[in-house]
Q: 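Let me give you the structure first, and then I'll get to my questions.
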Amino acid sequence: MGNPVEYYPLTHPQKAIWYTEKIHPSTSIGNIAATLRLKGKIDYPLLERAINLFVEKNDAIRLRIIEHDGQPRQYISDYKFYKPEFFDFSGYENPVQELFKWDQQLTQIPFQLIDSDLFYFALVRISDNDGGIYVKNHHLVSDAWTMTLMANQIIEYYIQLKNGESVSAENMPSYVEYVLSESAYIVSEKFKKDRKFWNSRFDSIYEITTLKSHDASYKSTKARRKTFVIPAKLTSQIHKYCKESKV
């Protein structure tokens, strides 16, 4: 018999995401997606193994949500080999355009939230020397920063496998550690002190701010986005500064 399943409360950030899902059910509002392109000859079976190493070593990605008496709880599902789907766009006249069109359509498909995987991987081929990974995670188990860490880890595993190097057997830090630390903080003296401080900061109502009026009958989760591409040199300088300043 396997070990009994341990259920944990959602953390404060997760609860905010969960309530947003309740307000906008069956939408893609919680989806975070990206396509990681690799240039050069790709060994797709090795890339599949690298993805599985990531899923196995990071329990946060394997979190699943259940509801008990109307309250959400979470548990870590056991690791099982994950078989990503494969999509070949090389036969199209403009494969990159078709990839992006497919990417947008897939990203808009919502996750089944209750007791299901909150991640999805697919392997994509653009040409003999171009392809990569499409990934879609739910915000309950990931954010933009962890997407970056995920990409770095998968590529690191892929390179190690391709070079015949051994991959560390050590798992990444468990998300349960954060869940337990938050639970401990909520019953600590520090929490009482912090709550007293913030309650005193907002014990009086500030001047009302006038917000832009909106049509109450219009309901949509669509948003406009502005993208700013930072030059590689400046990005390198930012990373160097952060490393030196330990921030």
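Computed from a prediction, not measured in an experiment: that's the story for all the values here.
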Q: Which is it for Val96 and Asn94 under the side-chain contact (heavy atoms from CB on, under 4.5 Å) test, yes or no, and what are the steps along the way?
A: CA-CA 6 Å; Val96 175; Asn94 191 329; 4.1 Å; yes
Q: Find out if a path of hydrophobic residues (ILVMFWY) with successive side-chain heavy-atom gaps under 4.5 Å connects Tyr92 to Leu99.
A: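 Yes, Tyr92 connects to Leu99 through the hydrophobic network.
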Q: Give me the atom names and distance for the closest heavy-atom approach of Leu36 to Ala151.
A: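 So the minimum-distance heavy-atom pair works out to CD2-CB, 4.1 Å.
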Q: Any link between Ile61 and Trp145 through a network of hydrophobic side chains (Ile, Leu, Val, Met, Phe, Trp, Tyr) touching at under 4.5 Å?
A: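 Different hydrophobic clusters.
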Q: Would you say that Leu47 contacts Ile133 through its side chain, given a criterion of any heavy-atom pair below 4.5 Å between the two side chains?
A: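 When only atoms from C-beta onward are counted, Ile133 and Leu47 do touch, with a gap below 4.5 Å.
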Q: Answer yes or no: does atom CD of Glu170 have more than 12 heavy-atom neighbours from other residues, nucleotides or ligands under 6.0 Å?
A: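 Not buried by this count: 12 neighbours or fewer within 6.0 Å.
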Q: Flag yes if Val5 and Ile114 sit in one hydrophobic cluster, no otherwise; membership is Ile, Leu, Val, Met, Phe, Trp, Tyr, and two members link when side-chain heavy atoms are under 4.5 Å apart.
A: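 Not linked; separate clusters.
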Q: Rounded to the nearest 0.5 Å, what separates atom CD1 in Ile155 from atom CZ in Phe54?
A: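 That separation rounds to 12.0 Å.
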Q: Any donor-acceptor pair under 3.5 Å linking the side chain of Ser183 with the backbone of Val179?
A: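 Yes; judged by distance alone, with no hydrogens or angles, the pair exists.
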Q: Under the salt bridge (charged side-chain N to carboxylate O under 4.0 Å, His left out) rule, what pairs show up with a residue in residues 118-144, not counting sequence neighbours?
A: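 The answer is Arg37-Asp130, Asp88-Arg125, Arg125-Asp128.
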Q: Between Leu123 and Ile51, does the side-chain contact (heavy atoms from CB on, under 4.5 Å) criterion hold? Intermediate values first, please.
A: CA-CA 10 Å; Leu123 302 176; Ile51 291 171; 3.8 Å; yes
Q: So, Ser245 side chain and Cys242 main chain: donor-acceptor pair closer than 3.5 Å or not?
A: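 No; zero donor-acceptor contacts below 3.5 Å.
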Q: Between Leu118 and Ile65, is there a side-chain heavy-atom distance shorter than 4.5 Å?
A: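 Contact flag for Ile65/Leu118 side chains = yes.
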Q: Applying side-chain hydrogen bond (donor to acceptor under 3.5 Å, both in side chains) between Gln74 and each of Arg64, Glu6, Gln14, report the one that passes.
A: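 It is Gln14; the other options fail the test.
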Q: How far apart are the closest heavy atoms of Asp117 and Phe111, and which atoms are they?
A: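 In this case the closest contact between Asp117 and Phe111 is O-CD2, 3.6 Å.
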Q: Classify the ring geometry between Phe87 and Trp102 as parallel (under 30°), tilted (30 to 60°) or perpendicular (over 60°).
A: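 Phe87 vs Trp102 ring planes: tilted.
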Q: Any side-chain heavy-atom pair from Lys57 and Val167 closer than 4.5 angstrom?
A: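 In contact.
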Q: Any side-chain heavy-atom pair from Val124 and Asp103 closer than 4.5 angstrom?
A: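 Not in contact.
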Q: Using the test side-chain hydrogen bond (donor to acceptor under 3.5 Å, both in side chains), find all partners of Tyr82 that sit at least two apart in sequence or belong to another chain.
A: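 Checked Tyr82 against side-chain hydrogen bond (donor to acceptor under 3.5 Å, both in side chains); zero matches.
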Q: Do the non-hydrogen side-chain atoms of Asn52 and Tyr157 ever get within less than 4.5 Å of each other?
A: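 The answer is no, as the side chains (C-beta and beyond) never meet within the 4.5 Å cut-off.
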Q: Rounded to the nearest 0.5 Å, how far apart are CD1 of Ile76 and CG of Asp78?
A: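 Those atoms lie 9.5 Å apart.
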Q: How far apart are the closest heavy atoms of Glu48 and Lys83, and which atoms are they?
A: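 Where Glu48 meets Lys83 most closely, the heavy atoms are OE1-NZ, 2.9 Å.
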Q: List the steps, then state whether side-chain contact (heavy atoms from CB on, under 4.5 Å) holds for Tyr79 with Val55.
A: CA-CA 7 Å; Tyr79 165 73; Val55 175; 4.0 Å; yes
Q: Walk me through it: do Lys22 and Glu67 pass the test salt bridge (Lys or Arg N to Asp or Glu O under 4.0 Å)?
A: CA-CA 12 Å; Lys22 288 295 186 180; Glu67 278 191 293; 3.1 Å; yes
Q: Nearest 0.5 angstrom please: Asn129 CG to Leu38 CG, how far?
A: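 Spacing of CG (Asn129) from CG (Leu38) equals 11.5 Å.
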Q: Going hydrophobic residue to hydrophobic residue with side-chain gaps under 4.5 angstrom, can you get from Trp18 over to Ile66?
A: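 They do not share one cluster, since no chain of ILVMFWY contacts under 4.5 Å joins Trp18 to Ile66.
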Q: Heavy atoms, side chains only, cut-off 4.5 Å: are Thr107 and Tyr120 in contact?
A: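 No - every pair of side-chain heavy atoms lies 4.5 Å or more apart.
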Q: Return the minimal non-hydrogen interatomic distance between Tyr134 and Leu106, and the atom names on each side.
A: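 Nearest heavy atoms, Tyr134 then Leu106: CE2-CD2, 3.3 Å.
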Q: Can Phe86 be reached from Ile126 by stepping across I, L, V, M, F, W or Y side chains whose heavy atoms are under 4.5 Å apart?
A: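 Same cluster: Ile126 reaches Phe86 through Ile, Leu, Val, Met, Phe, Trp or Tyr contacts under 4.5 Å.
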Q: Return the OH to CG distance between Tyr8 and Leu180, rounded to the nearest 0.5 Å.
A: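 CG of Leu180 is found 6.0 Å from OH of Tyr8.
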Q: How are the rings of Trp198 and Phe202 set relative to one another: parallel (under 30°), tilted (30 to 60°) or perpendicular (over 60°)?
A: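 Geometry flag for Phe202 against Trp198: parallel rings.
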Q: Between Arg62 and Asp59, is any pair of side-chain heavy atoms under 4.5 Å apart?
A: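 A side-chain contact under 4.5 Å exists here.
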Q: Starting at CG of Leu113, measure out to NE2 of His138 and round the result to the nearest 0.5 Å.
A: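 Rounded to the nearest 0.5 Å, the CG-NE2 separation comes to 4.5 Å.
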Q: With respect to Val141, which candidate in Ile32, Asn58, Leu63 satisfies the side chain to side chain contact (heavy atoms under 4.5 Å, CB included) definition?
A: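 Option passing the side chain to side chain contact (heavy atoms under 4.5 Å, CB included) with Val141: Leu63.
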Q: Would you say Ile29 and Ile23 make side-chain contact, with heavy atoms under 4.5 Å?
A: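 No, every pair of side-chain atoms sits at 4.5 Å or beyond.
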Q: Check ring pair (Phe, Tyr, Trp, His ring centres under 6.0 Å) between Tyr178 and all other residues, then give those that pass, not counting sequence neighbours.
A: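 Scan of Tyr178 (ring pair (Phe, Tyr, Trp, His ring centres under 6.0 Å), adjacent residues dropped) gives Tyr175.
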Q: Quick one: CD on Glu182 to OG1 on Thr11, what's the gap to the nearest 0.5 Å?
A: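 Glu182 CD to Thr11 OG1: 5.0 Å, rounded to 0.5 Å.
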